[in-house]
Structure formats: C-alpha cells, structure tokens
Undergrad: 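Got a structure here, written out as structure tokens. Questions coming.
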Amino acid sequence: MAELYNGHVMGKSVIYRILDANLDRAREGLRIIEEWCRFGLNNPDLTEECKRLRQELAQWHTAEIRAARNTPDDPGTQLTHEREEYRGTIHQLLQANLCRVEEALRVLEEYGKLEDRQMGRVCKQMRYRVYTLESQLMAYGRHQQLLEAQLYLVTSPMPELLEVVEAALQGGLKLIQYRDKNTEDGERFALAQSLRQLCDRYGALFLINDRVDLALAVDADGVHLGQQDLPIAVARELLGPQKIIGRSTTNPEEMKRAIAEGADYVGVGPVFATPTKPNKAAAGHEYVRYAAQHCPIPWFAIGGIDVNNFNEVLESGANRIAVVRAIMEAEQPTLVTQYFLSQLVRMETMKAIQNTQVGRG
Ligand SMILES: Cc1ncc(COP(=O)(O)OP(=O)(O)O)c(N)n1
Ligand SMILES: Cc1nc(C(=O)O)sc1CCOP(=O)(O)O
Ligand SMILES: [Mg+2]
C-alpha cells in the first residue's frame with residue numbers, strides 16, 4: 001500500500017525501515033543492560049526480564065521488516081554525538097541504554113500502530129516494563145554500592161568544599177553526605193547540585209543530611225535522618241522504595257527501631273566525643289561492639305574517628321566508618337582517603353582469612 005503524505009509517496013518500506021531500525025535499537029540496548037544484570041549484578045530476575053523483553057521484540061522483527069533494511073542509504077549511520085562516545089561510569093552507560101530502549105519502544109509504538117494495532121499496544125506495555133526495570137536496576141545498583149562502601153564522608157561547610165570532596169573522590173571514596181546546617185537554601189541547593197554532579201562523575205553515592213526536599217530537588221541517592229529528623233516512614237513515602245535512608249543511632253533500642261522502620265543503614269556513634277557534634281555524649285566502643293554482634297544491616301561507626309584512633313574502632317568490630325574532620329580538614333584529603341580505604345580492605349582480608357582458618361578447624 002502506498003499512501004500520500006504531504007505530497008510524498010509513503011511506501012510500506014519506509015515504515016518497515018523505521019520499525020527495523022528501532023527493533024534493532026531496542027534489542028541491542030536491552031542486551032547491553034542484560035549483560036550488566038547478569039555479569040555485573042549477578043541478578044537472575046533482572047537478567048530474565050531483559051531476556052524476555054528481547055525475545056518478545058524478536059517476534060515482531062519479521063523477515064519482511066528485516067528485508068526493508070538499507071544501511072548504505074541511511075543518513076543516520078554517520079551521525080554520532082560526542083556524548084555517545086564517552087561513558088564515564090556504569091551508571092551512565094546503563095542510563096544511556098535505558099533511555100535508548102525507551103525511545104525506541106516509543107517509536108515502535110507510534111509507527112507500529114500504522115502496521116498493526118496490536119504492535120502499538122504491546123510496545124506501549126513493554127515501555128512501561130522498561131520503566132519498572134529501570135527503577136529496579138537503579139535501586140539494586142544503589143543498594144549494592146551501599147553494601148560495598150566502607151568509608152563515608154560527611155561534609156562540613158567550607159569555601160573549598162568542592163575541591164576537598166573531589167580530592168577525596170580521587171582517593172577512591174564512593175559515599176558522600178552533604179551536611180550543612182546554616183547556609184541559606186538557595187546556596188545549599190546550588191552546592192548540592194554541584195556535589196551531585198561531582199559524585200556522578202566519580203560513580204559515588206550522594207546523600208543529603210536532614211532534608212528530604214533537597215534530596216528530591218537534586219535527585220540525591222538518599223537522605224540521612226537523625227532521631228530528631230523526619231520519621232523514616234514519612235521520608236520513605238516521599239522518596240520511594242529506591243532511595244537510601246540512613247538513621248543515626250546511639251544505643252541498641254534506637255538501632256532496633258531504625259531497622260524495624262526500614263532504615264537502609266545506621267550510623268553508630270558517637271564513638272568518641274567530637275567538636276563536630278558537641279552536645280552528644282560518646283556512646284563509646286561498647287556500642288560499636290554491640291553493633292558488630294547484632295546489626296544485620298550496613299552500619300557506620302561515626303564520631304571523633306581519625307587516622308590515629310581508627311584502628312581501635314576496627315578492633316571493636318567496625319568495618320565501615322564515617323568521618324567529617326578527618327578528611328574535610330586534612331592537608332591531603334586524597335592520601336587520607338586512600339589510607340582509610342586501604343586499612344579497611346586490609347582488615348576485611350584478615351577477617352576473611354581468619355574465618356577460613358576457623359572453618360578448617
Ligand atoms: C552517617 C551519619 N551518622 C550520624 C549522623 C548524625 O545525624 P543527626 O543525629 O541527625 O545529626 P546531624 O548530622 O543532623 O547534626 C550523620 N549526619 N551521618
Ligand atoms: C555528624 C555526626 N553524627 C554523629 C553521631 O554520632 O550521630 S557524630 C558526628 C560528627 C562526626 O564528625 P567528626 O568525624 O568530625 O568527629
Ligand atoms: Mg540530622
């Protein structure tokens with residue numbers, strides 16, 4: 001069937017070329033995402049969903065549609081954007097490919113309707129499934145990254161904030177909390193946006209202290225809430241299930257409550273009295289030892305920890321720590337970050353070796 005559109009004759013082959021190109025695009029994008037779900041995340045459910053979507057698309061990719069392909073005459077093959085040639089992190093790679101799949105499905109939905117109504121309907125449903133896949137994938141990646149993070153930088157306000165944070169990121173830091181009690185909101189928002197971008201560049205998680213609204217405004221990975229801040233349930237309602245919510249705890253009761261309320265991690269402290277939080281009495285090593293024995297979710301020892309005393313904290317059972325001054329006020333934030341991280345990894349390795357020896361009897 002040839003149809004006139006604006007004076008042009010539109011043959012079936014034009015529609016078929018569009019369908020062919022977008023079926024290819026969607027299937028390739030899904031394959032790229034699937035490889036990460038399979039080999040990167042080791043997640044059978046997400047891998048399976050990518051595979052199912054690819055197979056369902058393949059059924060629409062008929063021999064007739066494939067026969068319309070005419071790559072040599074396609075002016076689009078020469079067009080690339082600089083951004084397509086660079087992927088800084090896995091997160092960016094996944095985002096780019098999810099976006100590509102979603103766009104391709106939208107094209108298939110619209111042009112598919114010209115060919116077969118059912119194709120339009122099916123592609124629309126698939127697009128919604130890809131949105132769900134995107135949320136699950138991002139949430140899973142975020143929580144995996146939280147599990148892997150052993151060092152947590154909580155920032156303090158200073159003129160060189162971005163430079164210090166970047167220096168720590170260069171040292172391998174993967175988890176940052178923007179904590180700023182006094183700056184006015186406009187500037188706080190601008191700083192939070194800059195930190196968000198910086199963390200994206202280095203593939204680090206970015207959380208906001210206290211403020212759920214600010215976390216939403218800059219699309220942070222989550223929030224940290226103290227005992228006097230919003231209830232976890234309210235923050236969860238506002239942020240959704242994919243974001244990370246941390247809670248400060250000073251004793252076992254607070255820890256148990258935070259876990260029951262659905263915190264993703266807890267702060268355990270202050271281990272030592274600290275001028276950064278002058279009105280909070282030290283919870284001490286005893287609470288760190290309690291956390292090491294009983295806390296089933298990721299927990300970060302915090303409060304007064306520095307390069308001189310942090311081995312004591314590790315000996316009490318901590319394998320994750322959070323610091324403010326030790327990095328923010330360091331002369332060489334990159335080196336201090338590297339030192340903390342290397343010691344934390346060393347401690348993990350020693351524990352793993354000891355466990356193997358105990359296992360062997
Ligand atoms: C990782 C981490 N642990 C504890 C805190 C303290 O939170 P909070 O008790 O709400 O006190 P402020 O930081 O808001 O003064 C934290 N921020 N991060
Ligand atoms: C922000 C914060 N919360 C704490 C808690 O125990 O809940 S201790 C603390 C300050 C940690 O700062 P520094 O590393 O400079 O001692
Ligand atoms: Mg707080």
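Each residue takes its place number in the sequence, starting with 1. We count ligands from 1, going down the list as the structure has it; atoms in each ligand are counted the same way.
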Undergrad: State whether the shortest distance between N or O atoms of Arg179 and N or O atoms of ligand 1 falls below 3.5 angstrom.
TA: yes
Undergrad: Using heavy-atom distances, let me know which of His224, Gln177, Lys181, Arg247 sits nearest atom 4 (C) of ligand 1.
TA: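 Residue with the shortest heavy-atom distance to the ligand atom: His224.
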Undergrad: Can you report which non-hydrogen protein atom sits closest to atom 13 (P) of ligand 2, along with the distance?
TA: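 Minimum-distance protein heavy atom for atom 13 (P) of ligand 2 reads Thr276 OG1, 3.5 Å.
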Undergrad: Relative to the heavy atoms of Val323, which atoms of ligand 2 are at a distance of less than 4.0 Å?
TA: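 What qualifies from ligand 2 is 14 (O).
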Undergrad: For atom 7 (O) of ligand 1, tell me which residue out of Gly226, Gly246, Ser248 has the closest non-hydrogen atom.
TA: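 It is Ser248 whose heavy atom sits nearest to atom 7 (O) of ligand 1.
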Undergrad: Determine yes or no for a side-chain-to-main-chain donor-acceptor pair under 3.5 angstrom, with Glu254 supplying the side chain and Thr250 the backbone.
TA: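 It does hold such a pair.
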Undergrad: Closer than 4.0 Å to some heavy atom of Gly269 - which atoms of ligand 2 meet that?
TA: 6 (O)
Undergrad: So that I can tick it off, tell me whether Glu34 and Arg54 are bridged by a salt bridge, with the cut-off set at under 4.0 angstrom between side-chain N and carboxylate O.
TA: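 Result for this pair is yes, salt bridge flagged.
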Undergrad: Among all protein heavy atoms, pick out the one at the shortest distance from atom 8 (S) of ligand 2; state its residue, atom name and that distance to 0.1 Å.
TA: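 Protein heavy atom at minimum distance: Gly303 CA, 3.7 Å.
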Undergrad: State the atom name: nearest N, O or S atom of Asp210 to the Mg ion (ligand 3).
TA: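 Per the distance ranking, Asp210 contributes OD1 as its closest N/O/S atom to the Mg ion (ligand 3).
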Undergrad: Going by atom types only, do Arg142 and Gln145 share a side-chain donor-acceptor pair under 3.5 Å?
TA: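 No - no donor-acceptor pair under 3.5 Å links their side chains.
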Undergrad: Between Gln228 and ligand 1, find which residue part has any heavy-atom pair under 4.0 Å and reply side chain, backbone, both or neither.
TA: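 Contact part for Gln228 vs ligand 1: neither.
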Undergrad: Can you list the steps and then say if Gln193 with Arg196 is a side-chain hydrogen bond (donor to acceptor under 3.5 Å, both in side chains)?
TA: CA-CA 5 Å; Gln193 270 186 318; Arg196 163 79 285 179; over 6 Å; no
Undergrad: How are the rings of Tyr128 and Tyr131 set to each other: parallel, tilted or perpendicular (split at 30° and 60°)?
TA: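 Correct class here is tilted.
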Undergrad: Output yes when a side-chain donor or acceptor of Arg236 lies under 3.5 Å from a complementary backbone atom of Gly262, and no otherwise.
TA: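 Flag set: sc Arg236 to bb Gly262 pair under 3.5 Å.
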Undergrad: Tell me which protein heavy atom sits closest to atom 5 (C) of ligand 2, plus the residue, atom name and distance to 0.1 Å.
TA: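 Minimum-distance protein heavy atom for atom 5 (C) of ligand 2 reads Lys280 NZ, 3.6 Å.
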Undergrad: Using modelled atom types and a 3.5 Å cut-off, is there a donor and acceptor pairing between side-chain atoms of Thr334 and backbone atoms of Gly171?
TA: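 The answer is no, because no donor-acceptor pair under 3.5 Å joins these two groups.
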Undergrad: Nearest heavy atom to atom 2 (C) of ligand 2: which of Arg325, Lys277, Gln177 does it belong to?
TA: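 Answer by nearest heavy atom: Lys277.
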Undergrad: May I ask you to identify the nearest protein heavy atom to atom 1 (C) of ligand 1, giving residue, atom name and distance to one decimal place in Å?
TA: Tyr152 CE1, 3.4 Å
Undergrad: Should you measure from each heavy atom of Asp210, which atoms of ligand 1 turn up under 4.0 Å away?
TA: 10 (O), 14 (O)
Undergrad: Tell me the contacting part of Met328 for ligand 2: side chain, backbone, both, or neither, using a 4.0 Å heavy-atom threshold, strictly below.
TA: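 For Met328, no heavy atom sits under 4.0 Å from ligand 2.
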Undergrad: If we ignore hydrogens and angles and just use 3.5 Å, is the side chain of Arg25 paired with the main-chain N or O of Arg100 as donor and acceptor?
TA: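 It does not hold such a pair.
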Undergrad: So is Val154 touching ligand 2 or not, going by heavy atoms under 4.0 Å?
TA: no
Undergrad: If I take atom NE2 from residue His285 and atom CZ from residue Phe272, how far apart are they, to the nearest 0.5 angstrom?
TA: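 Separation between the atoms: 3.5 Å.
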Undergrad: With atoms numbered from 1 as shown, which atoms in ligand 2 lie under 4.0 angstrom from a non-hydrogen atom of Pro270?
TA: 6 (O)
Undergrad: Atom CG of Leu239 and atom CG of Asp213: how far apart are they, to the nearest 0.5 Å?
TA: 10.0 Å
Undergrad: Which of these, Arg179, Gln227, Glu254, has its nearest heavy atom closest to atom 1 (C) of ligand 2?
TA: Arg179
Undergrad: Enumerate the atoms of ligand 1 whose separation from the nearest heavy atom of Asp229 is less than 4.0 angstrom.
TA: 10 (O)
Undergrad: For the CG atom of Leu94 and the CG atom of Leu41, what is their distance to the nearest 0.5 Å?
TA: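 Reported to 0.5 Å precision, the distance equals 7.5 Å.
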Undergrad: Classify the ring geometry between His224 and Tyr265 as parallel (under 30°), tilted (30 to 60°) or perpendicular (over 60°).
TA: tilted
Undergrad: Examine distances only and state if a side-chain atom of Gln150 and a backbone atom of Asn319 form a donor-acceptor pair shorter than 3.5 Å.
TA: yes
Undergrad: When you compare the side chain of Val223 with that of Arg211, does any pair of heavy atoms fall below 4.5 Å?
TA: no
Undergrad: Have a look at ligand 2 and work out which part of Thr274, if any, has a heavy atom under 4.0 Å from it: side chain, backbone, both or neither.
TA: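 The side chain, only.
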Undergrad: Answer with side chain, backbone, both or neither: which part of Phe300 has a heavy atom less than 4.0 angstrom from an atom of ligand 1?
TA: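 The answer is neither; Phe300 stays 4.0 Å or more away.
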Undergrad: Show the atoms of ligand 1 that are less than 4.0 angstrom away from any heavy atom in Lys280.
TA: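 Checking each atom against Lys280, I get 9 (O).
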Undergrad: Give the residue and atom name of whichever protein heavy atom lies nearest to atom 11 (C) of ligand 2, and the separation in Å to one decimal.
TA: Val324 CG2, 3.7 Å
Undergrad: Gly304: heavy atom below 4.0 Å from ligand 2, yes or no?
TA: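 True for this residue.
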Undergrad: What is the name of the N/O/S atom in Asp229 that sits closest to the Mg ion (ligand 3)?
TA: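 It is OD2 of Asp229.
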